[in-house]
Amino acid sequence: MTAEPVTTSQPSSPAQAPPTVRASLSPSRAADFKTCPLLYRFRSIDRLPERTTMEQARGTLVHAVLERLFDLPAQARTPAAAGDLVAPQWDRLVTEQPELAELFDGAQPTDPADFLRSAAGLLEGYFAVEDPTRLEPAERESLISAVVDDELLIRGYLDRLDVAPDGALRVVDYKTGGAPREAFEARALFQLKFYALVLWRTRGVVPKVLRLLYLRDAEVLDYTPDADELVRFERTVVALWRAIEQATARQDFRPRPSRLCDWCSHQARCPTFGGTPPPFPVAATADPLRDSRSAPVPPGADE
């Protein structure tokens with residue numbers, strides 16, 4: 001399928017947090033707590049390091065290429081042009097994040113050239129589902145935020161926001177993994193509903209379409225939210241944060257075993273696998289103000 005044309009609009013600035021705000025939450029950290037409270041603690045409170053995987057690095061590279069693709073004139077946004085962006089964007093990422101070079105230090109058998117070819121292959125999936133010559137995104141890699149319940153700042157990065165001539169919004173998220181099973185699909189939609197809630201609260205418009213583009217399988221998943229649903233979702237987010245606050249006050253973040261444990265970097269510290277978590281930080285804060293968009297996630301969860 002091919003996306004409909006859109007027009008360009010100026011991005012709006014993230015909402016300024018009033019003095020009453022005392023916490024923030026991103027969709028990735030919220031999803032961590034829903035998946036496994038102990039994983040949330042390891043990432044947001046202990047801030048334990050996680051080695052970037054090949055899948056995560058490939059996803060970061062493909063996102064970078066698709067962002068830069070729209071810097072080109074419309075008619076120049078071809079598969080060949082996207083392919084030409086792969087190597088330069090990888091070089092830029094490695095310069096900015098030198099640890100990415102460690103992916104090819106011999107511990108993994110992947111050859112750098114094969115890695116770049118695999119990223120180019122995912123771009124072929126993108127062109128199978130969208131025609132970028134007919135698109136002028138309003139925003140790319142845009143930070144958006146809103147305050148809910150007077151005290152909680154919710155925020156996240158949009159891969160892309162399209163604005164139609166009639167003002168309708170379409171939130172687009174690129175996924176470099178395969179199209180998910182139902183459980184993983186729910187996590188992906190949770191992320192997009194999070195963005196929809198922020199846009200509704202800051203711009204007064206419920207997005208018409210939440211779109212997931214699964215590049216590996218060249219599939220599109222569209223979802224249409226409504227205001228009533230976003231009201232319920234807002235209550236869910238606030239309740240989730242209150243549960244995080246309670247867990248922090250009690251220093252009680254319990255593991256929730258699932259199939260996602262297979263991809264967890266912290267099995268050695270998890271009681272489910274016979275490990276012991278580190279001592280709870282004395283100055284622990286429930287506010288993950290340093291949430292990172294590139295924080296590692298299990299393959300198949302966000303992807």
Side-chain angles (χ1 to χ4, degrees), residues 1-9 11 52-104 108-142 157-165 170-180 188 192 209-222 293-294 299-300 302-303:
M1 63 177 291
T2 301
E4 293 301 317
V6 298
T7 58
T8 301
S9 67
T52 301
T53 68
M54 199 70 68
E55 290 79 10
Q56 290 157 4
R58 185 182 296 110
T60 299
L61 173 57
V62 170
H63 277 75
V65 169
L66 290 175
E67 182 184 6
R68 295 298 187 276
L69 181 67
F70 286 99
D71 288 337
L72 301 175
Q75 295 308 312
R77 299 169 194 161
T78 64
D84 289 341
L85 289 170
V86 172
Q89 286 304 304
W90 178 246
D91 291 341
R92 178 183 65 81
L93 289 170
V94 172
T95 298
E96 295 173 356
Q97 306 172 54
E99 65 275 11
L100 290 175
E102 298 174 5
L103 288 169
F104 307 103
Q108 300 191 54
T110 303
D111 178 79
D114 290 338
F115 171 78
L116 296 180
R117 280 192 291 270
S118 68
L122 290 172
L123 292 169
E124 293 176 5
Y126 169 72
F127 282 92
V129 295
E130 264 193 348
D131 179 2
T133 67
R134 302 178 65 216
L135 293 166
E136 290 299 338
E139 300 178 31
R140 290 171 279 150
E141 295 295 325
S142 176
Y157 280 88
L158 298 173
D159 284 350
R160 200 179 85 213
L161 181 66
D162 299 338
V163 181
R170 177 172 62 203
V171 179
V172 179
D173 199 67
Y174 307 123
K175 297 299 183 186
T176 52
L192 290 189
V209 177
L210 307 179
R211 173 165 292 177
L212 292 161
L213 299 183
Y214 289 99
L215 308 187
R216 179 176 299 171
D217 296 330
E219 291 187 17
V220 178
L221 173 64
D222 281 348
R293 172 154 182 348
S294 59
D302 279 358
E303 288 301 305

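Only heavy atoms go into these numbers, but all of them, side chains included; no hydrogens, no water, no symmetry mates.
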Worksheet item: Can you name the nearest heavy-atom pair linking V65 to A82, along with the distance?
Response: CG1-O, 3.6 Å
Worksheet item: Is a side-chain donor or acceptor of R58 paired with a backbone partner of L122 at a separation under 3.5 angstrom?
Response: no
Discussion item. So which atom in G59 and which in T176 form the shortest heavy-atom distance, rounded to 0.1 Å?
Written reply: CA-OG1, 3.5 Å
Discussion item. Do D162 and R211 have side chains that approach each other closer than 4.5 Å (heavy atoms only, starting at C-beta)?
Written reply: no
Worksheet item: Say you draw a straight line from CZ of R134 to CZ of R77; how long is it, rounded to the nearest 0.5 Å?
Response: 12.5 Å
Worksheet entry | Flag, side chain of H63 to backbone of Y174, donor-acceptor distance under 3.5 Å | yes
Item to complete: Could you check D159, L213, L210, L221 and say which one makes a side-chain contact (heavy atoms from CB on, under 4.5 Å) with D173?
Response: D159
Worksheet entry | Intermediate values then yes/no, salt bridge (Lys or Arg N to Asp or Glu O under 4.0 Å), E55 and R216 | CA-CA 12 Å; E55 290 79 10; R216 179 176 299 171; over 6 Å; no
Worksheet item: So do the side chains of Y126 and L69 get within less than 4.5 Å of each other, counting heavy atoms only?
Response: yes
Worksheet entry | OG1 on T60 to CG on L100, rounded to 0.5 Å | 7.0 Å
Worksheet entry | CG on L61 to CG on L116, rounded to 0.5 Å | 6.5 Å
Discussion item. Could you tell me if the side chain of P132 sits less than 4.5 Å from the side chain of F127, heavy atoms only?
Written reply: yes
Discussion item. Between L215 and L66, is there a side-chain heavy-atom distance shorter than 4.5 Å?
Written reply: yes
Fill in: Heavy-atom closest pair, residues V62 and A119
CG2-O, 3.9 Å
Fill in: Audit row: R160, L135, side chain to side chain contact (heavy atoms under 4.5 Å, CB included) steps and yes/no
CA-CA 11 Å; R160 200 179 85 213; L135 293 166; 3.8 Å; yes
Worksheet item: What is the minimum heavy-atom distance between V94 and A101, and which atoms define it?
Response: CG1-CB, 4.1 Å
Item to complete: Supply the atom-to-atom distance L93 CG to E99 CD, rounded to the nearest 0.5 angstrom.
Response: 10.5 Å
Discussion item. Please find the pair of heavy atoms, one from A138 and one from V163, that lie closest to each other, and give the distance.
Written reply: CB-CG2, 3.5 Å
Practice prompt. Report the distance from atom CG of L192 to atom CG of L158, rounding to the nearest 0.5 Å.
Written response: 9.0 Å
Worksheet item: Hey, does S142 have a side-chain heavy atom less than 4.5 Å from the side chain of L161?
Response: no
Practice prompt. Determine the minimum heavy-atom distance between A128 and A218, stating which atoms define it.
Written response: CB-CB, 3.9 Å
Item to complete: Report the C-alpha distance between E124 and R117 in whole Å, list the side-chain angles of each, state the deciding distance to 0.1 Å, and finish with yes or no for salt bridge (Lys or Arg N to Asp or Glu O under 4.0 Å).
Response: CA-CA 11 Å; E124 293 176 5; R117 280 192 291 270; over 6 Å; no
